[in-house]
Structure formats: structure tokens, C-alpha cells
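Below you'll find the structure, written out as C-alpha cells, and then a few comments.
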Amino acid sequence: KIYKFTSEGFKAKVQRVKGIITFDMMPWTYQNEKHWDIVAPYLIEKTYTSQIIASDDAKMLLNLSVKEHSFTSKKYTRGQSYKCVILEKENDTILVEAGLDSSFKHGSQYGQVVLSNFWDHSDYESLVIGQEIMLCFLDHQEDGVLSMCQPSKYTHWYKHKPHNLIGNTVPVTVHKEGPAIVLKGYDHFGSELHMDNILHENVSMQQLEFYFQNLK
């Protein structure tokens, strides 16, 4: 049973005898060792099947390996939300640990969310490393990482299957937000007016821009 986290790994006890589990002797690895700093607090009091690889009789200290601890696989359901913790944040991507949702009973699972999969980009800007966050599962990437999105993005976008609207005529509402013009398909989906000379052979770009800027 793990009872403490150190810079080198975890301290654990086997039948009241103290032991050490280094990171490379854990059941999973991280691409960045700093991820352990974020995950470690969640692993305190967790129990693993261990193997004694060395012992120090003078210090009454065991070197332990829990690499062989077995996990049952977890099935992720598209559209279902899972509790995650943020491991890394870039300008347009966050990396999360989705194993938090099952309290690591199924081991570790990386997840990834890109900025475009947030319904409100300001929510993305407010995120910080180490923060817990609820995310929806979308699909498995080729490397096994989960593609995920903000739950509101799934509700407002993916659940409505907007790709099925391609080729159809839809109602669009014009909103004015200060000088900015915002278009909403079905008064819901953020939309853009595609303007080029291929679609509008007999109209100049200047005329199209004038038309757009004067929408009411």
C-alpha cells in the first residue's frame, strides 16, 4: 500500500515493512516524469500486487516492483463524460490523465483535447495544469490516446451531427456584437459566410464584403 510520494517514487508498506517503489517500477510509465507530480496525490492509499526485488536488512527497507500488477481494461463510450486531470497545456492543446475517472483502477490513460473542441474558448484559457476537468470521449487515436472534447461542445455540436447538414439550406441569423458580425446557423451553430469569386462569379469581392458588413 502506497503511503507517501517522493521525488524518486513512492513509499509503500508490505505487512508493515516499509518499501520504495521507483517510477520505473510502477505499472505504467509517463512520457514526462513531471506527470507523476500531478498524479501522485491520487495514488496515496492505493494497493498493488508487489514483488520484492531487493532488501536492506539494516534499514528494514524493501525495494519493490509493482510492474506486474494487472488491470482490467476500461471501455470508453462516445459522448460520455469522464473526470480527468490536466498534465500539460499548450497554446491549442491540453494533455490529460483520464485514469482519474476510475480512481486508477484500470491504470493510466492519456487523453487529448484541442482548442477547437471547446465550445467556449475562454474556458480553455482559464485552465491550469493540475486542474480536474470533465471531458467527453470522442474516439481513440492511432497511438491509443483518447480524443476528447468539452461536454458542452459535444452537446451543442457533435450530438447534433452538423456534418449531416452539408449540402442543405439552413436558416442563419445575424447577430451584431459591437462592430463584429456573428452568424448563427439555426440560431445555434457558429457560422461563416464563405465569400470567393468561384461561388460568386459575377460579383466582386468588394461587393460581397459591402453586403456582409451591412447585414442587419
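Counting begins at 1 with the first residue of the sequence. It should be emphasised that the depicted structure is a prediction, and the values quoted were computed from it without experimental measurement.
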Are the side chains of [Y] and [X] in contact, using a 4.5 Å heavy-atom criterion?
X	Y	value
I21	M26	yes
I38	E97	no
L62	V14	yes
K13	Y3	yes
H175	T173	yes
S103	Y42	no
Y186	L165	yes
L43	V39	yes

Exercise. Would you name the heavy atoms of L64 and S50 that are closest together and state the gap between them?
Key: CD2-OG, 4.4 Å
Quiz item: Minimum heavy-atom separation for I53 to S65, with atom names?
Solution: CG2-CB, 3.9 Å
Quiz item: Is there a side-chain contact (heavy atoms from CB on, under 4.5 Å) between L146 and Y76 once you walk through the steps?
Solution: CA-CA 9 Å; L146 308 181; Y76 290 89; 3.7 Å; yes
So how far is it from [X] [atom1] to [Y] [atom2], rounded to the nearest 0.5 Å?
X	Y	atom1	atom2	value
D101	L135	CG	CG	10.5 Å
L193	L208	CG	CG	7.5 Å
H188	S191	NE2	OG	10.0 Å
K4	K18	NZ	NZ	8.5 Å
F71	S108	CZ	OG	9.0 Å

Connected via hydrophobic side-chain network under 4.5 Å: [X] and [Y]:
X	Y	answer
L115	F137	yes
V113	L138	no
I86	M134	no
I20	W36	no
M60	I2	no

Self-check item: Side-chain donor-acceptor contact under 3.5 Å, N117 with Q150
Solution: no
Quiz item: Looking only at side chains, do S204 and Q207 share a donor and an acceptor under 3.5 Å apart?
Solution: yes
Would a distance-only check, ignoring hydrogens and angles, find a side-chain to backbone donor-acceptor pair under 3.5 Å from [X] to [Y]?
X	Y	answer
E209	Q206	no
T6	E8	yes
H156	W119	no
Q213	F210	no
H69	T49	yes
K1	R16	no
K176	L215	yes
Q109	V96	no

Count the heavy atoms belonging to other residues, nucleotides or ligands that lie under 6.0 Å from [atom1] of [X], then report whether that count exceeds 12.
X	atom1	answer
E68	CD	no
K74	NZ	yes
Q31	CD	yes

Quiz prompt | Six-ring centre of F189, K184 cation under 6.0 angstrom, axis tolerance 45° | solution = no
Quiz item: Is the NZ or CZ atom of K46 both under 6.0 Å from the centre of the six-membered ring of Y48 and within 45° of that ring's axis?
Solution: no
Self-check item: Any residue meeting side-chain hydrogen bond (donor to acceptor under 3.5 Å, both in side chains) with Q141, in chain and number order, not counting sequence neighbours
Solution: Q112, S147
Exercise. Can you run down the side-chain hydrogen bond (donor to acceptor under 3.5 Å, both in side chains) pairs that involve residues 77-91, sequence neighbours left out, and say none if there aren't any?
Key: H35-E88
Quiz prompt | Stepwise side-chain contact (heavy atoms from CB on, under 4.5 Å) check, C84 with M148 | solution = CA-CA 10 Å; C84 305; M148 309 185 84; 3.9 Å; yes
Practice problem: Show your working on side-chain contact (heavy atoms from CB on, under 4.5 Å) between F23 and Y30 and close with a plain yes or no. | Solution: CA-CA 9 Å; F23 295 135; Y30 284 121; over 6 Å; no
Quiz item: Do the ring centers of F104 and W28 come within less than 6.0 Å of each other?
Solution: yes
Practice problem: Could you tell me if the ring centre of H160 sits under 6.0 Å from that of Y158? | Solution: no
Self-check item: ring pair (Phe, Tyr, Trp, His ring centres under 6.0 Å) involving Y124 - partner list, sequence neighbours excluded
Solution: F118
